[in-house]
*Asks:* 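The structure under discussion is supplied below as structure tokens; questions concerning it will follow.
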Amino acid sequence: MSSRTSSTTTTWIAILLGVVALGLVSAFAIGLPEVVGEEETAALSLPDTLPGGYAAADDPAAFAGGDYADQADEIAGQERSNSDYGNEVLPDVLGHAAATRTYVLDGTKAVFVQVFAAEGGAFAPNSIPDPDASGGAPATEITAVGDGVCILSYGQGSTGDEPADPVFSQCQVTRHGLTAQIGASEVDATDLVDTADALLDEL
């Protein structure tokens, strides 16, 4: 493996690990208290593509034309392994049907999706800071966006009355006994909610 190949793969892995680490730091408190009836808990599966140009990261074609095109097979293989593991663990731990899959937008942006056969609603960060008390824009906020609720996490540039764009957004949309959660950096929360809406329409 060339140094350029190794560097490219390391960059993509760093993107994924960075987002996961950010999620842990933000300590999203996500609960799904009301499970639907047994007749509705058949195994869930997520599609290969989502409306808006989201392609499953476990398909090498998702990286065509992007910065990671030369490492598409390796990255896709790792993502297949991650999805298979997550789809086994989530239903076992939660006690009801659930599925997870990572997607790619524009060939580079990692987008994380989970669907649960349960009603949502219990969705909040561990702390909701008061901007008036902290003397500036909050590091984390929770807000209604369209049909969903989103947790927006801001970086160090978020000072003053106008915060910078969120460094990570995670949104939840729930209806008809299904809940979709979708998170990404560099993707507008409105787009994430619209995508979650479209996904629930398909399931």
Side-chain angles (χ1 to χ4, degrees), residues 16 18-37 40-41 44-47 50-54 86-87 90-91 93-105 109-134 136-155 157-158 161-203:
L16 296 180
V19 171
V20 171
L22 178 61
L24 292 174
V25 170
S26 299
F28 295 146
I30 300 166
L32 299 165
E34 184 177 340
V35 181
V36 298
E40 298 181 60
T41 58
L44 291 171
S45 62
L46 292 170
L50 300 176
Y54 298 77
N87 291 336
L90 281 176
V93 171
L94 297 176
H96 53 269
T100 182
R101 204 169 188 182
T102 298
Y103 292 81
V104 178
L105 182 63
K109 300 172 184 176
V111 181
F112 306 92
V113 177
Q114 297 84 36
V115 174
F116 306 92
E119 294 287 350
F123 183 70
N126 275 1
S127 176
I128 305 175
D130 177 359
D132 292 336
S134 63
T140 304
E141 69 172 318
I142 184 167
T143 184
V145 178
D147 293 333
V149 175
C150 297
I151 297 170
L152 309 179
S153 299
Y154 297 94
S158 301
D161 295 332
E162 294 296 330
D165 291 336
V167 295
F168 190 80
S169 301
Q170 184 167 8
C171 300
Q172 181 189 92
V173 178
T174 185
R175 65 172 179 266
H176 307 312
L178 287 176
T179 296
Q181 289 177 180
I182 180 169
S185 58
E186 300 183 75
V187 181
D188 187 79
T190 300
D191 293 337
L192 295 178
V193 170
D194 289 345
T195 300
D197 270 326
L199 173 60
L200 290 177
D201 288 340
E202 291 185 7
L203 296 176

*Asks:* Listed by chain and number, what are the side chain to side chain contact (heavy atoms under 4.5 Å, CB included) partners of Ile128, not counting sequence neighbours?
*Replies:*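 Listed in chain order: Pro125, Ile142.
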*Asks:* For the pair Thr195 and Ile182, evaluate side-chain contact (heavy atoms from CB on, under 4.5 Å) and give the outcome as yes or no after the intermediate values.
*Replies:* CA-CA 8 Å; Thr195 300; Ile182 180 169; 3.9 Å; yes
*Asks:* Taking all non-hydrogen atoms of both residues, which atom of Leu105 and which atom of Gly53 are closest, and how far apart?
*Replies:* CD1-O, 3.7 Å
*Asks:* Take Gln172 and Thr179, measure what side-chain contact (heavy atoms from CB on, under 4.5 Å) needs, and give me the verdict at the end.
*Replies:* CA-CA 7 Å; Gln172 181 189 92; Thr179 296; 3.5 Å; yes
*Asks:* Can you sort out the partners of Ala189 under side chain to side chain contact (heavy atoms under 4.5 Å, CB included), two or more places apart, ordered by chain and number?
*Replies:* Val145, Cys150, Leu152, Ser169, Cys171
*Asks:* Is a side-chain N or O of Thr174 found less than 3.5 angstrom from the main chain of Gly120, in a donor-acceptor match?
*Replies:* yes
*Asks:* Mind checking the OG-CG spacing from Ser45 to Leu203? Nearest 0.5 Å is all I need.
*Replies:* 7.5 Å
*Asks:* If you look at every heavy atom in Leu192 and Val187, which pair is closest and at what distance?
*Replies:*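 Here Leu192 and Val187 meet closest at CD2-CG1, 3.6 Å.
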*Asks:* Compare every heavy atom of Val173 with every heavy atom of Asp147, then report the nearest pair and how far apart it is.
*Replies:* O-CG1, 4.1 Å
*Asks:* In Å, rounded to the nearest 0.5 Å, how long is the span from CG of Leu199 to CG of Leu46?
*Replies:*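 The distance works out to 6.0 Å.
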*Asks:* Holding to side-chain hydrogen bond (donor to acceptor under 3.5 Å, both in side chains), I want the full list of residues that pass it with Asp188, two or more places apart in sequence or in another chain.
*Replies:* Thr190
*Asks:* Check for a donor-acceptor pair, side chain of Arg101 on one end and backbone N or O of Val113 on the other, with a separation under 3.5 Å.
*Replies:*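 Not at all, since once roles are kept as given, no pair shorter than 3.5 Å links the two residues.
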*Asks:* Which pairs, with at least one residue in residues 172-203 and sequence neighbours excluded, count as a disulfide (SG to SG under 2.5 Å)?
*Replies:*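 Residue pairs with at least one partner in residues 172-203: there are none.
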*Asks:* Testing the basics here: between Ala98 and Phe116, what is the closest heavy-atom pair and its distance to 0.1 Å?
*Replies:*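 For Ala98 versus Phe116, the nearest heavy atoms are CB-CD2, 3.7 Å.
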*Asks:* Apply side-chain contact (heavy atoms from CB on, under 4.5 Å) to residues Val167 and Tyr154 and explain how you reach the verdict.
*Replies:* CA-CA 5 Å; Val167 295; Tyr154 297 94; 5.8 Å; no
*Asks:* Give the minimum heavy-atom separation between Glu186 and Lys109, together with the two atoms involved.
*Replies:* O-NZ, 3.6 Å
*Asks:* Check side chain to side chain contact (heavy atoms under 4.5 Å, CB included) between Pro51 and all other residues, then give those that pass, not counting sequence neighbours.
*Replies:* Ala198, Glu202
*Asks:* Tell me, do Tyr54 and Val104 make a side-chain contact under 4.5 Å, heavy atoms counted?
*Replies:*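 Not in contact.
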*Asks:* As a quick check of understanding, evaluate side-chain contact (heavy atoms from CB on, under 4.5 Å) for Ile151 and Phe123, giving each step before the final call.
*Replies:* CA-CA 8 Å; Ile151 297 170; Phe123 183 70; 3.7 Å; yes
*Asks:* Name all pairs fulfilling the salt bridge (charged side-chain N to carboxylate O under 4.0 Å, His left out) condition that reach into residues 174-184, sequence neighbours left out, sorted by first residue then second.
*Replies:*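 Every salt bridge (charged side-chain N to carboxylate O under 4.0 Å, His left out) pair that includes a residue of residues 174-184, provided the two are not neighbours, is Arg175-Asp197, Arg175-Asp201.
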